[in-house]
Peer 1: 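Handing you this structure, nothing more for now.
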Amino acid sequence: MTTFARIDRGEGRAAFARLDGDKLRLLAGAPWERASETGEEVPLAGARLLAPVTPTKIVCVGRNYRAHAAELGNDVPAEPLLFFKPPSSIVAVGDGIELPEESSRIDHEAELGVVIGARCRRVSEERALDFVFGYTCVDDVTARDLQKKDGQWTRAKGFDTFCPTGPLLVTGIDPSALAVRCRVNGEIRQDGNTRDMIFSIARLIAYISGVMTLEPGDLIATGTPHGVGPIAAGDVVEVEVEGVGTLRNPVRARG
């Protein structure tokens, strides 16, 4: 298992790094590009962590856990239900989730994020995991009332700050049975496991890559377990994925 981060170097600069104990060893580029280490290191303590991905697209999967589909009164899909979040919705650990005035019901959705490591198009399910670089935590923040009102999900899922991601990117783990939890102000709201996914990660990659080419660094949000619920200004949301880490974000009113 190897762990990577992306850090703020100041003056608009960012760098990827490999975590080595309490130090970050800087890389010359993105880790999925097999970038070499520069020889420079910085202490983890005090480093400002950015989202560990810079995707061309964020492909999300809806209703990929039976209990979650049921809690919202939806049928289980016969094939993966796909939608997008724009890259502009990504924020890092510690950044605020902003509540837009257009919505009166904003929900948390804890998810395992899959980061693609190599360009893939129409790959088989048997080969799909060969194209995964690693895994991270994602909060698929959703304006639930707008989701129901609009019928399609672009606005409800796409507001700025609606995709907290990180803080770390972990490789070399088995994603088939990982606990996925969400806490709000320390109280557990969601407590699921990736083994309960309707469509496995391999199935998702095969299906998505049959529709569109996935590029290195692209992010797939694999669906949320049951227990989604509202968040309010002043809350602190934590998304924890076993073996991957914990993503914490405060909630605030926009502006």
Side-chain angles (χ1 to χ4, degrees), residues 2-9 12-18 26-36 49-62 64 80-93 95 97 109 111-125 127-142 152-171 175 199 201-224 239 241 244 247 249:
T2 307
T3 302
F4 298 93
R6 182 167 162 263
I7 64 172
D8 183 0
R9 301 302 315 277
R13 297 175 302 140
F16 286 95
R18 178 178 63 86
L26 301 191
L27 305 178
W32 49 83
E33 297 171 345
R34 296 181 174 82
S36 60
L49 298 182
L50 304 174
V53 288
T54 54
T56 70
K57 54 189 167 293
I58 306 165
V59 186
C60 305
V61 183
N64 199 24
L81 175 61
L82 305 182
F83 61 93
F84 287 113
K85 294 176 90 79
S88 55
S89 65
I90 289 181
V91 289
V93 62
D95 289 343
I97 299 169
E109 294 192 10
E111 309 198 6
L112 171 68
V114 177
V115 179
I116 297 298
R119 193 172 193 266
C120 60
R121 180 172 182 263
R122 297 181 182 174
V123 301
S124 67
E125 191 168 338
R127 293 190 59 221
L129 293 182
D130 294 340
F131 293 85
V132 173
F133 180 77
Y135 303 91
T136 191
C137 302
V138 172
D139 188 354
D140 174 20
V141 182
T142 303
Q152 53 79 30
W153 302 355
T154 302
R155 183 166 65 136
K157 300 282 192 174
F159 283 98
D160 289 351
T161 76
F162 270 27
C163 192
T165 303
L168 301 172
L169 172 57
V170 178
T171 68
F199 304 107
I201 291 170
R203 171 68 175 134
L204 293 176
I205 293 171
Y207 184 85
I208 295 166
S209 70
V211 178
M212 68 195 79
T213 300
L214 291 168
E215 301 289 351
D218 279 353
L219 177 64
I220 299 173
T222 56
T224 195
V239 171
V241 178
V244 177
L247 171 67
N249 295 89

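All values reported here derive from a predicted model rather than from experimental measurement.
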Peer 1: Please say which of W32, Y135, F133 ends up in a ring-ring contact (aromatic ring centres under 6.0 Å, His included) with F4.
Peer 2: F133
Peer 1: For the CZ atom on R13, are there more than 12 heavy atoms of other groups (residues, nucleotides or ligands in this structure) within a distance under 6.0 Å?
Peer 2: yes
Peer 1: Closest heavy-atom contact between P216 and G117?
Peer 2: CB-O, 3.9 Å
Peer 1: What's the shortest heavy-atom distance between A51 and A92, and which atoms?
Peer 2: N-CB, 3.4 Å
Peer 1: Locate the shortest heavy-atom distance separating F16 from G29; write the atom from each residue and the value.
Peer 2: CB-O, 3.5 Å
Peer 1: State whether the side chain of T136 and the backbone N or O of L168 hold a donor-acceptor pair below 3.5 Å, judged by distance alone.
Peer 2: yes
Peer 1: Which heavy-atom pair separates P55 from P87 by the least distance, and what is that distance?
Peer 2: O-CG, 3.7 Å
Peer 1: Starting from the C-alpha separation in whole Å, work towards a yes-or-no answer on side chain to side chain contact (heavy atoms under 4.5 Å, CB included) for I58 and V138.
Peer 2: CA-CA 11 Å; I58 306 165; V138 172; over 6 Å; no
Peer 1: Can you tell me which residue among T2, T3, V132 is in a side-chain contact (heavy atoms from CB on, under 4.5 Å) with T171?
Peer 2: T2
Peer 1: Short question: side chain of R203, backbone of F199 - any donor-acceptor pair under 3.5 Å?
Peer 2: no
Peer 1: Determine, stepwise, if the pair T165 / V91 fulfils side chain to side chain contact (heavy atoms under 4.5 Å, CB included).
Peer 2: CA-CA 6 Å; T165 303; V91 289; over 6 Å; no
Peer 1: According to salt bridge (Lys or Arg N to Asp or Glu O under 4.0 Å), does anything in residues 156-168 pair up with another residue at least two apart or in another chain? List the pairs.
Peer 2: E109-K157, D140-K157
Peer 1: Please report the C-alpha distance between V141 and T161 in whole Å, then the side-chain angles of each, then the deciding distance to 0.1 Å, and finally whether the side chain to side chain contact (heavy atoms under 4.5 Å, CB included) criterion is met.
Peer 2: CA-CA 8 Å; V141 182; T161 76; over 6 Å; no
Peer 1: Can you tell me how far apart CD1 (I97) and CG (D139) are? Round to the nearest 0.5 Å.
Peer 2: 5.0 Å
Peer 1: Can you measure from CG (L26) to OG (S36) and round to the nearest 0.5 angstrom?
Peer 2: 11.5 Å
Peer 1: So how far is it from F162 CZ to I90 CD1, rounded to the nearest 0.5 Å?
Peer 2: 14.5 Å
Peer 1: May I ask you to test the W153-L81 pair for a side-chain heavy-atom distance under 4.5 Å?
Peer 2: yes
Peer 1: OG1 of T54 to CG of D218: how many Å apart, nearest 0.5 Å?
Peer 2: 9.0 Å
Peer 1: I'd like to know if the side chain of D95 reaches the main chain of N249, judged simply by a donor and an acceptor atom lying under 3.5 Å from each other, with no hydrogens or angles considered.
Peer 2: no
Peer 1: Drop me the distance from I116's CD1 to F131's CZ, to the nearest 0.5 angstrom.
Peer 2: 9.0 Å
Peer 1: Walk me through it: do L204 and V114 pass the test side chain to side chain contact (heavy atoms under 4.5 Å, CB included)?
Peer 2: CA-CA 10 Å; L204 293 176; V114 177; over 6 Å; no
Peer 1: Between atom CD of E111 and atom OG1 of T222, what is the distance when rounded to the nearest 0.5 Å?
Peer 2: 6.0 Å
Peer 1: Can you check whether V123's main-chain N or O pairs, donor with acceptor, with S209's side chain at less than 3.5 Å?
Peer 2: yes
Peer 1: Please name the pair of heavy atoms, one in V170 and one in V244, separated by the smallest distance, quoted to 0.1 Å.
Peer 2: CG2-O, 3.7 Å
Peer 1: Taking all non-hydrogen atoms of both residues, which atom of L27 and which atom of R18 are closest, and how far apart?
Peer 2: CG-N, 4.3 Å
Peer 1: Would you say the side-chain atoms of E33 pair up with the backbone N or O of A35, donor to acceptor, closer than 3.5 Å?
Peer 2: no
Peer 1: Please identify each residue that fulfils salt bridge (charged side-chain N to carboxylate O under 4.0 Å, His left out) with R121, with sequence neighbours left out.
Peer 2: none
